[in-house]
Every structure is written in C-alpha cells, then in structure tokens.
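Working notes for the structure below.
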Amino acid sequence: MTLAHYIDLSQLLPKHLGAHAQNRALGLAHPDGTPTELLDAWRTKQIDRLEPPRWSDLFVKYHYWIGWIGGLVAWVLGMISGATLLSYSGKAPVNVVYFLALAVGIPLVTMGLAFISMARASQTHNALVHLSPASWMEKILLRLSPKNQKRLENLHVNPRLTNWLVIERAQMMAWWFAVGMLLALLGMVATQDVAFGWSTTLAVTPEQFHHLITWIAAPWVSWFPSAVPSVSLIEQSQFFRLGGKLDSTLIHHAAQLGLWWKFLAMATLVYALGLRTLIWAVAKLMLRRALRQAVLSLDGVRTLLDQMSTPVVQTASTEAEAPFVPSPDGYDRIVGEGSRRYDAALGWAMDTASIQVTLDALGITADRIDDPGGARTLAEDDAIIARSHGSILLLVKSWEPPMMEWGDFLTDLVERVEGVTVVPIGTLAHHYRPLPADTAVWSRRLASLQLPKVHLWHL
C-alpha cells in the first residue's frame, strides 16, 4: 500500500463503494488476502472510475518535488557549511571543535528531538513536527505554487500520517546535509593542505579533550585506531589566539596537524550519516505503519471489508412464503436441502464471480467451478463435461426458461458423473429464492427429460 493508493481510496470510497455482491466476489477471489491487499485489489478494479487528473497523481507529484528540492537544498547547505568551517587561510588552523559541533553535537540533538516527535506523532497537534524545517519548506513551496495549492485544497490527509510524512522528510534532508558536509571535508582535504587544531574558552586540558575524543571514537577505535588522535597530537594541536600569532609548537608540528581529518571523517560518517540512516529507516518503517492505519481508518473501509468477508444473503427467509407444490406433470425428485459440498459447481450462462457469490450465500463449497452456456461454444461445453466427475451442482437462472441446448448439455453431463443437483436461483432482490412459478417451469422441463441421477433442489 502506497501513499498514492491511500489517496485513491479516499477519493473512491465516498462515491463508488459498489454493490455487496461485487465486493463479496472480490473477497472470494482473494481468500487469503490481508485487509490492505483486499483494499488494493478493490482499488485496482475501481480506479478507472476516477477522472484524470486524479488527486493521487497531483499529490504524489507534489510530494516528489518537495522531497527532491528539500534534499537538494539540504545537500547544498551541507556543502557550504562544511566548506565554511574548513576554510583555511594559513593564519590559523581550522578549529575541529566547530566541525565536531556540526558533525556530532547537532545531529545527536536533532535525533533526540526526532525521537520525541516520533513518540508524539500519534497526536494531531505536534509542535516539534510543525517546527521542523521540512514542514516550513513544504509550506513555503506550496505558497509559491498557488495552482497546486488550489488543486490540493480538497485533499484531506490523515493528520497522523502527515506527521510521519514530515518526520520522514526531515530525516531525509538531514541525511543529505550530512552527505554534503562529508563531501566538503573530503574535498577540502584532497585539494588543500589543511592544518587542524582545537581551541576553546573553557578550561579544558589536552587530557580531558582526549577523553572526549576517545568517547566519540568508541564505535571505530577497535578496528580503525589510526582515526583516533593521540594525546600527543591533541597537545600539539591546541592553539590560542592571544597575540594574533600562532604558537611555534604548531608551526614545528605542522605536518601532524593534518592527521585530524580521519577522525573528523569517521565522526561525520558514524554520527551524522550512520545514526541518521538508522533514524531515517525507523521513520520510513513507521510511515508505512501509519499509512496502513490511515487506510483502515478511511470512511467506508470498514463497510467495504465487511462486505468482502460476509455472504451477500442468507437463503432462509424471515417471511412466510407460499410453498412450492409440484404439479401432476412435474418432477418427482425434488429435495428441500442439498449437500454442502460438491466435486464441481457449474453455473449455466453465469460468470465465475456470480457463481462464487451464490455458492457463498448458499454455504456450499466446490472443488471446481465452471461456467458453461452463454457465450461458450459447443466445444467448450463438451470440454467442461469431459473434465466433470463425481457429484455436480448445476446452477441455473430461474427466471430464464430452459432452452434446448441446456437440455442437451445436462443429458451429456449425466452420462459422465455420479449425480447432478439442479438449483434454480432467483434474483438478489428475492434473496436468491426462485418464484414458485419459475420452479414449476424447471420441474416440468426435468420431468420431460426423464434423466436418472438428477435432482431438483428447491430453495
């Protein structure tokens, strides 16, 4: 189930729910389908009822461009931010504290806020979601496109689903921002001889700073130790701006100051990209879950699923009806209750879906279903007879008189099977119960054929 499918269902259900019999036939065609699979099958069957342009086409196109533009903007901002922080003029080393704040500190804070947003995503009003840059970018771009804004006015998306859409898009933008920052770092290191150092107004000793660096590098220290600055490198790279000149120690160890780049690259890769990828994956997973819940909460879905899972009618009538009294020239092998299982069910001049719905209403199961008569050729009818065996249920439309070709078909069928039960079926308006006059017609026809092993089931 996709976002486009959800939009299609929200547009189809209010006006095109359809008849119970049609929906039940679809349910019988997918006996093992989950609710979302059944809804998708129904959507596929009804989709041609929507006039273009469909709401889903407009929304998905808009959603695609919002994501594409958001990702591009985030990537460019990441490149610019990384290049700005790593800009090296030769007068002072690049302060790794700034870069660590952007590559480790801010991602951890924003991921914490993302978790809080996820925990509160089920609430209709979620301040953190609406304060997200992804939400504001969507509002700005929609304002810049009055045509799309007018088209989407009639589209009402579940607010909880909207929350997850914004959360997922925010993680995507943060991921691309981290990609841009990592590329800026690698590009600056590859094209310039960058000297890194660290400096802070806080009273932090090299040993304390090394302890912080070691804690940050914990995920890769065991398998990539060269990407962890040593205590000596940290001591050599500390600088002070007092006096406007670099310490002679920094100049003496200039060659070692570039070794910081491995640590910065791994910090960006692990925290800004790695952890963000996990958060993004969780957001995608929860978005799919929210989408399924939103689909099941649409108006009309519960009614549709109930129609797919329950028989159309029960053949028992709550009103007293005139009993069928066979005429003297009628058929003598009439039963009021047939078997509940047959080797095959044949529906004369009926489509397969109608046969399935009728069997479901009668509470009958059959190993095989066929649809002889109607548009079938004689050769096709003969093929159906040839593969028939055992006990056969033959459904006929009670209001249509039995024609000669039907009698010929039944005569040939009886010679191949153990027994045939003929069931005249009434209309859905009469709960599938035939009118007594119609049953009398079929009774006289069977009496005229004088075929053995044939019973007439009067519902």
Side-chain angles (χ1 to χ4, degrees), residues 1-50 54 56 158 288-318 338-372 374 392-398 423 425-434 457 459:
M1 187 66 66
T2 65
L3 187 60
H5 296 169
Y6 166 79
I7 302 298
D8 287 337
L9 286 171
S10 67
Q11 189 177 3
L12 281 167
L13 284 168
K15 297 181 179 180
H16 307 289
L17 183 60
H20 189 175
Q22 297 174 341
N23 296 333
R24 179 56 178 162
L26 187 61
L28 292 172
H30 301 81
D32 300 323
T34 63
T36 52
E37 290 172 346
L38 290 174
L39 291 172
D40 190 41
W42 182 85
R43 182 201 64 85
T44 301
K45 189 173 182 180
Q46 303 289 337
I47 194 65
D48 292 336
R49 294 177 177 270
L50 298 179
R54 300 199 300 265
S56 60
N158 186 293
R288 286 196 291 269
R289 180 182 175 186
L291 180 60
R292 288 194 298 269
Q293 293 175 344
V295 167
L296 295 177
S297 66
L298 284 172
D299 292 339
V301 163
R302 184 49 52 194
T303 300
L304 176 59
L305 291 176
D306 287 343
Q307 291 182 354
M308 287 183 174
S309 61
T310 57
V312 177
V313 295
Q314 298 295 332
T315 56
S317 177
T318 58
S339 173
R340 293 301 166 184
R341 185 183 179 282
Y342 292 87
D343 294 299
L346 311 181
W348 182 261
M350 299 172 65
D351 59 86
T352 303
S354 297
I355 298 172
Q356 289 176 329
V357 172
T358 304
L359 293 177
D360 183 59
L362 296 174
I364 293 173
T365 59
D367 296 338
R368 181 172 57 83
I369 292 177
D370 267 317
D371 53 347
I392 305 297
L393 183 73
L394 180 57
L395 302 173
V396 295
K397 299 173 183 177
S398 64
V423 187
I425 300 297
T427 62
L428 181 58
H430 292 86
H431 306 287
Y432 288 148
R433 299 176 70 88
W457 182 355
L459 296 176

- d(Leu39 CG, Leu296 CG) to nearest 0.5 Å is 6.5 Å

- Got a second to check how far Leu395's CG is from Met350's CE, nearest 0.5 Å? 5.5 Å

- Item | Heavy-atom check, side chain of Leu28 versus side chain of Leu359, under 4.5 Å | no

- Message: For a 4.5 angstrom cut-off between non-hydrogen side-chain atoms, does Leu38 reach Thr34?
- Response: no

- Message: Would you say that Arg341 contacts Asp343 through its side chain, given a criterion of any heavy-atom pair below 4.5 Å between the two side chains?
- Response: yes

- Query: Within a strict 4.5 Å, meaning less than it, do heavy atoms of the Ile7 and Arg54 side chains meet?
  - Reply: no

- Query: Would you say the side chain of Thr358 lies within less than 4.5 Å of the side chain of Val423, judging by non-hydrogen atoms?
  - Reply: no

- Query: Taking His20 for the side chain and Thr310 for the main chain, is one N or O donor matched with an acceptor at less than 3.5 Å?
  - Reply: yes

- Which heavy-atom pair separates Asp8 from Ser56 by the least distance, and what is that distance? OD1-OG, 2.7 Å

- Task: List the atom of Arg24, the atom of Met308, and the distance in Å for their closest heavy-atom pair.
- Result: NH1-O, 2.5 Å

- Separation between CG of Asp371 and CG of Asp351, rounded to the nearest 0.5 Å: 7.5 Å

- Item | Minimum-distance pair of heavy atoms, taken over all atoms of Gly33 and Glu37 | CA-OE1, 3.3 Å

- Query: What distance separates Leu393 CG from Leu346 CG, expressed to the nearest 0.5 Å?
  - Reply: 8.0 Å

- Under the criterion side chain to side chain contact (heavy atoms under 4.5 Å, CB included), which of Thr303, Leu305, Asp299, Leu304 is the partner of Val301? Leu305

- Which atoms form the tightest heavy-atom contact between Ile364 and Tyr342, and what is the distance? CG2-CD1, 3.8 Å

- Nearest heavy-atom contact between Pro311 and Ala361 is CB-CA, 4.2 Å

- Item | Atom of Pro14, atom of Leu9 and distance for their closest heavy-atom approach | CD-O, 4.3 Å

- Query: Given side chains that start at C-beta, do those of Val312 and Asp360 come closer than 4.5 Å, heavy atoms only?
  - Reply: no

- Interatomic spacing from CD1 in Ile47 to NE2 in His16 - rounded to 0.5 Å: 10.0 Å

- Working to the nearest 0.5 Å, report the span between CG of Asp367 and OG1 of Thr365. 7.0 Å

- Under 4.5 Å between any side-chain heavy atoms of Ile369 and Gln356, yes or no? yes

- Close side-chain approach of Asn23 to Trp42, heavy-atom, < 4.5 Å: yes

